[in-house]
Asks: 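One structure is given below, represented as structure tokens, and several questions about it will come after.
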Amino acid sequence: MARLIRHARFVVPLAVAGLILASCGSGGATSEARTSCAYVKRALAIERHSEQPDLSATRRSALQAGALSELLKGTPAAAAATSQDGSWNPLMTAINEAERVPIPDLVATLTRLCTIADSSTPYP
């Protein structure tokens with residue numbers, strides 16, 4: 001019995017700390033999602049700029065590459081958000097899809113997810 005009490009002195013505080021940290025997790029996940037969305041917004045702005053009709057093909061291609069690069073910079077923060085709260089997986093997945101799917105096809109999804117991240121009740 002004394003051995004059980006001795007172990008409980010260490011286990012109970014760890015369990016309480018774990019519960020406290022778990023309750024804080026979604027706030028950290030939201031912060032990471034918002035960080036990722038800052039890159040998303042910059043990428044979408046670059047992509048919009050690349051759609052102007054008076055651009056040369058070279059300039060358009062350079063802007064589209066820049067938009068993809070900026071978007072992919074948001075991957076680590078989106079992954080961190082997902083690891084803290086799995087409900088942010090759609091954000092990470094949408095960003096990663098940009099390597100296979102043209103960014104214009106992802107605009108609506110990325111915009112909606114980042115609107116949620118920036119809202120006062122950010123739950124995707």
Side-chain angles (χ1 to χ4, degrees):
M1 185 67 163
R3 188 173 169 191
L4 182 62
I5 292 172
R6 185 176 32 193
H7 289 293
R9 287 187 310 180
F10 296 107
V11 173
V12 171
L14 286 175
V16 170
L19 288 172
I20 291 170
L21 290 174
S23 69
C24 297
S26 64
T30 300
S31 176
E32 293 289 351
R34 288 176 177 158
T35 298
S36 182
C37 283
Y39 290 106
V40 168
K41 291 172 192 170
R42 285 194 291 266
L44 295 183
I46 295 167
E47 181 65 30
R48 274 192 305 276
H49 184 67
S50 78
E51 296 169 354
Q52 294 181 0
D54 60 339
L55 296 174
S56 69
T58 303
R59 180 69 177 138
R60 183 179 321 281
S61 181
L63 285 169
Q64 289 170 340
L68 178 59
S69 174
E70 194 67 21
L71 184 58
L72 293 176
K73 288 178 187 176
T75 300
T82 298
S83 70
Q84 293 176 37
D85 181 347
S87 64
W88 289 109
N89 190 44
L91 176 63
M92 184 180 73
T93 301
I95 291 171
N96 288 330
E97 283 297 304
E99 292 181 293
R100 294 191 312 262
V101 176
I103 291 176
D105 294 341
L106 298 171
V107 168
T109 299
L110 290 168
T111 300
R112 184 172 44 254
L113 290 167
C114 287
T115 298
I116 292 167
D118 290 335
S119 75
S120 60
T121 55
Y123 296 103

Asks: Closer than 3.5 angstrom, by distance alone: can the side chain of Ser119 be matched with the main-chain N or O of Ile116 as a donor-acceptor pair?
Replies: yes
Asks: Quick one, Leu106 and Glu97 - any side-chain contact, counting heavy atoms below 4.5 Å?
Replies: yes
Asks: How far apart are the closest heavy atoms of Ile95 and Ala78, and which atoms are they?
Replies: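 Closest pair (atom of Ile95, atom of Ala78, distance): CD1-CB, 4.0 Å.
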Asks: Could you walk me through whether Arg34 and Asp118 pass the side-chain contact (heavy atoms from CB on, under 4.5 Å) check?
Replies: CA-CA 6 Å; Arg34 288 176 177 158; Asp118 290 335; 3.6 Å; yes
Asks: Are Leu68 and Met92 grouped together when hydrophobic residues (ILVMFWY) are joined by side-chain heavy atoms under 4.5 angstrom apart?
Replies: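 Different clusters.
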Asks: Could you walk me through whether Thr30 and Trp88 satisfy the side-chain contact (heavy atoms from CB on, under 4.5 Å) test, starting with their C-alpha distance in whole Å, then the side-chain angles of each, then the deciding distance to 0.1 Å, before giving a yes or no?
Replies: CA-CA 8 Å; Thr30 300; Trp88 289 109; 4.3 Å; yes
Asks: Has the side chain of Gln84 got a donor or acceptor atom that lies under 3.5 Å from a matching backbone atom of Ala29?
Replies: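 Side chain of Gln84 to backbone of Ala29: a pair is present.
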Asks: If you apply the rule side-chain contact (heavy atoms from CB on, under 4.5 Å), what do you find for Glu47 with Leu63, and how did you get there?
Replies: CA-CA 7 Å; Glu47 181 65 30; Leu63 285 169; over 6 Å; no
Asks: For Gln52, is there any backbone N or O sitting under 3.5 Å from a side-chain donor or acceptor partner on Arg60?
Replies: yes
Asks: Please answer whether the main-chain N or O of Asn89 pairs with a side-chain N or O of Thr93 as donor and acceptor at a distance below 3.5 Å.
Replies: yes
Asks: So, Thr111 side chain and Ala108 main chain: donor-acceptor pair closer than 3.5 Å or not?
Replies: no
Asks: How far apart are the C-alpha atoms of Ser36 and Leu91, what are their side-chain angles, what is the distance that settles it, and do they pass the side-chain contact (heavy atoms from CB on, under 4.5 Å) test?
Replies: CA-CA 9 Å; Ser36 182; Leu91 176 63; 4.1 Å; yes
Asks: If you group Ile, Leu, Val, Met, Phe, Trp and Tyr by side-chain heavy-atom gaps below 4.5 Å, do Tyr39 and Val107 land in one group?
Replies: no
Asks: To the nearest 0.5 Å, what is the distance between SG (Cys37) and NZ (Lys41)?
Replies: 6.0 Å
Asks: Measure the shortest side-chain to side-chain distance between Leu71 and Leu110 over non-hydrogen atoms and say whether it is less than 4.5 angstrom.
Replies: yes
Asks: What are the two closest heavy atoms between Ala43 and Glu70, and how far apart are they?
Replies: N-CG, 3.9 Å
Asks: Checking Ser61 side chain against Thr58 main chain: does a donor-acceptor pair fall under 3.5 Å?
Replies: no
Asks: Would you say that Glu32 contacts Pro76 through its side chain, given a criterion of any heavy-atom pair below 4.5 Å between the two side chains?
Replies: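 They are not in contact (no side-chain heavy atoms under 4.5 Å apart), so the answer is no.
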Asks: Measure across Ala33 and Ala117 and return the closest heavy-atom pair with its distance rounded to 0.1 Å.
Replies: CB-CB, 4.2 Å
Asks: If you round to the nearest 0.5 Å, how far is CG of Leu44 from NE2 of His49?
Replies: 14.5 Å
Asks: Please tell me if the side chains of Pro90 and Leu113 come closer than 4.5 Å, counting only heavy atoms from C-beta onward.
Replies: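 They are in side-chain contact.
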